[in-house]
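Data first, discussion second: the structure below is written as structure tokens.
Along the sequence shown, residues carry numbers from 1.
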Amino acid sequence: ARDGVEAIAAFQENRARIDLVILDLIMPKMSGEETYHALRQLDPNIPVLLVSGYRDAENVRKLIANGAAGFLEKPFSGHALSQTIAQTIRQDRDDPTPTP
């Protein structure tokens, strides 16, 4: 999706096929944080991996405390992304407890 509004619409349309959301914190129309909270309202259990080239440590800490699956700082390699995705999905399967 090009922005948070499109991301929410795409999620709603394709929810049954989505196992993980990779969410950039800096997006047009709707911030990554706003998009994150909207996604969590639609599905409190969807794993969300945050990515950004601008490390706002406090904001990232808040979102992880709020249930985000993790954070990957840009730039990152395809290998780092695939490892993080695999780890996030494994972690989600090991602990299917709903996140508040």
At what distance, to the nearest 0.5 angstrom, does CZ of Arg61 lie from CG of Asn66? 14.0 Å

On a heavy-atom basis, the closest approach of Ala7 and Ala1 is N-CB, 3.3 Å

Within this structure, what is the NE2-CG distance for the pair His37 and Leu42, rounded to the nearest 0.5 Å? 13.5 Å

Taking side-chain contact (heavy atoms from CB on, under 4.5 Å) as the test, write out the residues that go with Ile18, two or more places apart. Phe11, Asn14, Arg15, Val21, Ile46

Could you tell me the separation between the CD1 atom of Ile64 and the CG atom of Asn59, rounded to the nearest 0.5 Å? 10.0 Å

Checking Gln83 side chain against Ala80 main chain: does a donor-acceptor pair fall under 3.5 Å? no

For residues Asp3 and Met30, determine if any side-chain heavy atom of one lies less than 4.5 Å from a side-chain heavy atom of the other. no

Ile8 to Ala38 - nearest heavy-atom pair and separation: CD1-CB, 3.5 Å

For the pair Tyr36 (side chain) and Leu23 (backbone), establish whether a donor and an acceptor sit closer than 3.5 Å, ignoring hydrogens and angles. no

Going through the checks in order, is the side chain to side chain contact (heavy atoms under 4.5 Å, CB included) test met by Arg2 and Lys29? CA-CA 9 Å; Arg2 291 177 287 199; Lys29 292 188 184 179; over 6 Å; no

Distance col, row Leu49:CG vs Leu20:CG, nearest 0.5 angstrom, shows 6.0 Å

Can you tell me how far CG of Leu63 sits from CD of Glu58, rounded to the nearest 0.5 angstrom? 10.0 Å

When you compare the side chain of Leu25 with that of Phe71, does any pair of heavy atoms fall below 4.5 Å? yes

Within the 4.5 Å heavy-atom criterion, are Val51 and Ile22 side-chain neighbours or not? yes

For the atom pair CG (Leu50) and OG1 (Thr35), what is the distance rounded to the nearest 0.5 Å? 11.0 Å

Check for a donor-acceptor pair, side chain of Asp24 on one end and backbone N or O of Met27 on the other, with a separation under 3.5 Å. no

